[in-house]
**Q** 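If you scroll down you'll find the structure; I have some questions about it.
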Amino acid sequence: MNAKRYVVLASGRGSNLNSLLGAGLPGRCAMVICNRPGAAALNVAQAHGIATVVIDHAQYSSREAFDAALAEEIERHRPDLVLLAGFMRILTDDFARRFAGRMLNIHPSLLPAFPGMTTHALALASGVRIHGCTVHFVTPDLDSGPIILQAAVPVLDDDTEETLAARVLAREHEVYPIAAAWFLKGELKLDGRHVRYSGPQSESVWLCSPPA
Ligand code: GRF
């Protein structure tokens, strides 16, 4: 059987990209695609020996035109899986539908709480005691797709946005590679809004609380 192939879409710092590429996923990263020239994620990919391409959203007259170019580049690599890793673009419905069931995202909150941006500030302002991150399938509705895996962290009394973000980010780096590996091994099945996991039972306990 041919090795599974995946592509990663990133826009910024690339720390999740780094954890994915360093995790020894059961598949080959065919390309890292970035929408911002000069993004640190490009250097991260190059440090792992992965080819990169920039598709600069500022060069396109509409969201549809950008998404069409992006989709064309992705399809060129015939990926089994598309991973959004800090990809800071709202996707068109058509794009989300085209890659439905084979595109994952990591979001820095325990969805469905705090979709969108500024999740750590919202968590602090709301007074929640537990915050975290979520790996989910991407659907046309922002940050609302079926949830694969979440990890929780405590919110401490003296937390700032920065300290809370750092605690969550460390968990992001753990859970995203786990979820991506499950997908690449064919251990995830979509069942309506639910994701069913069929891998080793010893790993299924991580669904709610991966090892720290
Ligand atoms: C992460 O917090 C991720 O959850 C969110 O964007 C941020 C990207 O950070 N979607 P990095 O580029 O992976 O360091």
Side-chain angles (χ1 to χ4, degrees), residues 2-58 60 66-92 95-108 111 117 133-139 142-143 145-151 168-188 195 210:
N2 286 342
K4 291 280 167 64
R5 302 157 63 84
Y6 65 95
V7 302
V8 187
L9 276 49
S11 300
R13 157 182 75 174
S15 71
N16 276 289
L17 172 65
N18 189 50
S19 77
L20 289 165
L21 296 179
L25 292 179
R28 191 170 75 75
C29 182
M31 182 64 70
V32 169
I33 305 173
C34 208
N35 65 308
R36 287 200 186 122
L42 293 165
N43 300 330
V44 170
Q46 281 149 17
H48 286 272
I50 304 297
T52 61
V53 61
V54 174
I55 303 180
D56 181 356
H57 63 273
Y60 292 83
F66 170 73
D67 278 9
L70 184 61
E72 192 178 317
E73 175 62 28
I74 294 170
E75 298 282 27
R76 245 169 35 80
H77 304 287
R78 292 173 287 106
D80 300 283
L81 175 63
V82 179
L83 295 168
L84 308 185
F87 190 62
M88 307 306 278
R89 295 286 303 169
I90 304 275
L91 302 169
T92 56
F95 184 93
R97 272 195 286 269
R98 183 164 179 167
F99 295 101
R102 54 180 176 133
M103 181 158 63
L104 310 186
N105 182 43
I106 178 116
H107 181 76
L111 291 170
M117 306 287 283
C133 56
T134 303
V135 184
H136 63 94
F137 281 94
V138 176
T139 58
L142 183 69
D143 300 329
I147 291 172
I148 300 168
L149 182 56
Q150 297 182 296
V168 172
L169 190 65
R171 302 296 270 161
E172 293 183 34
H173 296 162
E174 294 165 1
V175 294
Y176 207 5
I178 293 171
W182 285 348
F183 183 96
L184 290 166
K185 286 191 275 183
E187 294 174 345
L188 299 177
V195 179

**Q** Between Asn105 (side chain only) and His136 (backbone N and O only), is there a donor and an acceptor less than 3.5 Å apart?
**A**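 Judged by distance alone, no pair lies under 3.5 Å.
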**Q** Locate the shortest heavy-atom distance separating Ala30 from Val7; write the atom from each residue and the value.
**A**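 Distance-wise, the nearest heavy atoms are CB-CG1, 4.3 Å.
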**Q** Evaluate the side-chain proximity of Ile74 to Arg98: yes if any heavy-atom separation is below 4.5 Å, no if none is.
**A**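 The answer is no; the side chains never approach within 4.5 Å.
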**Q** Show your reasoning for whether side-chain contact (heavy atoms from CB on, under 4.5 Å) applies to Val53 and Met31.
**A** CA-CA 7 Å; Val53 61; Met31 182 64 70; 3.9 Å; yes
**Q** For the atom pair NE2 (His107) and CG (Asp143), what is the distance rounded to the nearest 0.5 Å?
**A**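 Taking NE2 in His107 and CG in Asp143, the distance rounds to 4.5 Å.
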**Q** To the nearest 0.5 Å, what is the distance between CD on Glu172 and CD on Glu174?
**A**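 These two atoms lie 10.5 Å from each other.
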**Q** Take Leu70 and Leu9 through the side-chain contact (heavy atoms from CB on, under 4.5 Å) test and state the conclusion after the steps.
**A** CA-CA 10 Å; Leu70 184 61; Leu9 276 49; 4.0 Å; yes
**Q** Measuring from Arg28:CZ to Leu184:CG, what's the distance to the nearest 0.5 Å?
**A**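 Rounded to the nearest 0.5 Å, the CZ-CG separation comes out at 12.5 Å.
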**Q** Indicate whether the side chain of His173 and that of Asn18 have a donor and an acceptor atom separated by less than 3.5 Å.
**A**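 No pair is found: no donor N or O on one side chain lies under 3.5 Å from an acceptor on the other.
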**Q** Please give me the minimum heavy-atom distance between Gln150 and Thr134, naming the atom from each residue.
**A**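 Heavy atoms of Gln150 and Thr134 come nearest at NE2-OG1, 2.9 Å.
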**Q** Could you tell me which non-hydrogen atom of Phe87 sits nearest to which non-hydrogen atom of Asn35, and how far apart they are?
**A**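 Heavy atoms of Phe87 and Asn35 come nearest at CE1-OD1, 3.5 Å.
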**Q** So does Cys133 get a backbone contact from the side chain of Arg171, meaning a donor-acceptor N/O pair under 3.5 Å?
**A**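 No; zero donor-acceptor contacts below 3.5 Å.
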**Q** Less than 4.5 Å apart, any side-chain heavy atom of Phe183 and any of Leu83?
**A**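 Of all side-chain heavy-atom pairs linking Leu83 with Phe183, none is under 4.5 Å.
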**Q** Give a yes or no answer on whether the side chain of Tyr176 reaches the backbone of Leu104 with a donor-acceptor pair at less than 3.5 Å.
**A**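 Here the side-chain-to-backbone pair exists.
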**Q** Do Arg102 and Glu75 sit within salt-bridge range, that is, some charged N less than 4.0 Å from a carboxylate O?
**A**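 Salt bridge flag = yes for Glu75 with Arg102.
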**Q** Of the non-hydrogen atoms in Arg36 and Leu42, which two are nearest, and what is the gap between them?
**A**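 Result for this residue pair: O-CD1, 4.0 Å.
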**Q** Provide the closest heavy-atom pair for Ala41 versus Leu17 in the form atom of the first, atom of the second, distance.
**A**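 Here Ala41 and Leu17 meet closest at O-CD2, 3.4 Å.
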**Q** Test side-chain contact (heavy atoms from CB on, under 4.5 Å) on Thr52 and Cys34 and set out the steps.
**A** CA-CA 7 Å; Thr52 61; Cys34 208; over 6 Å; no
**Q** Could you walk me through whether Met103 and Leu91 pass the side-chain contact (heavy atoms from CB on, under 4.5 Å) test, one step at a time?
**A** CA-CA 12 Å; Met103 181 158 63; Leu91 302 169; 4.1 Å; yes
**Q** Taking all heavy atoms of Asp56 and all of Pro37, pick out the closest pair and write down the distance.
**A**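 Scanning both residues completely, I find the closest heavy atoms to be OD2-CG, 3.6 Å.
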**Q** Is any side-chain heavy atom of Pro177 closer than 4.5 Å to a side-chain heavy atom of Leu25?
**A**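 SC-SC contact between Pro177 and Leu25 confirmed.
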**Q** Is there side-chain contact between Phe66 and Phe95, with heavy atoms separated by less than 4.5 Å?
**A**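 When only atoms from C-beta onward are counted, Phe95 and Phe66 do not touch, as no gap falls below 4.5 Å.
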**Q** Measuring from Thr92:OG1 to Asp67:CG, what's the distance to the nearest 0.5 Å?
**A**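 If I round to the nearest 0.5 Å, the distance is 3.5 Å.
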**Q** Just how far is it from atom CG of Asn16 to atom CZ of Arg13, taken to the nearest 0.5 Å?
**A**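 Going from the CG atom of Asn16 to the CZ atom of Arg13 covers 7.5 Å.
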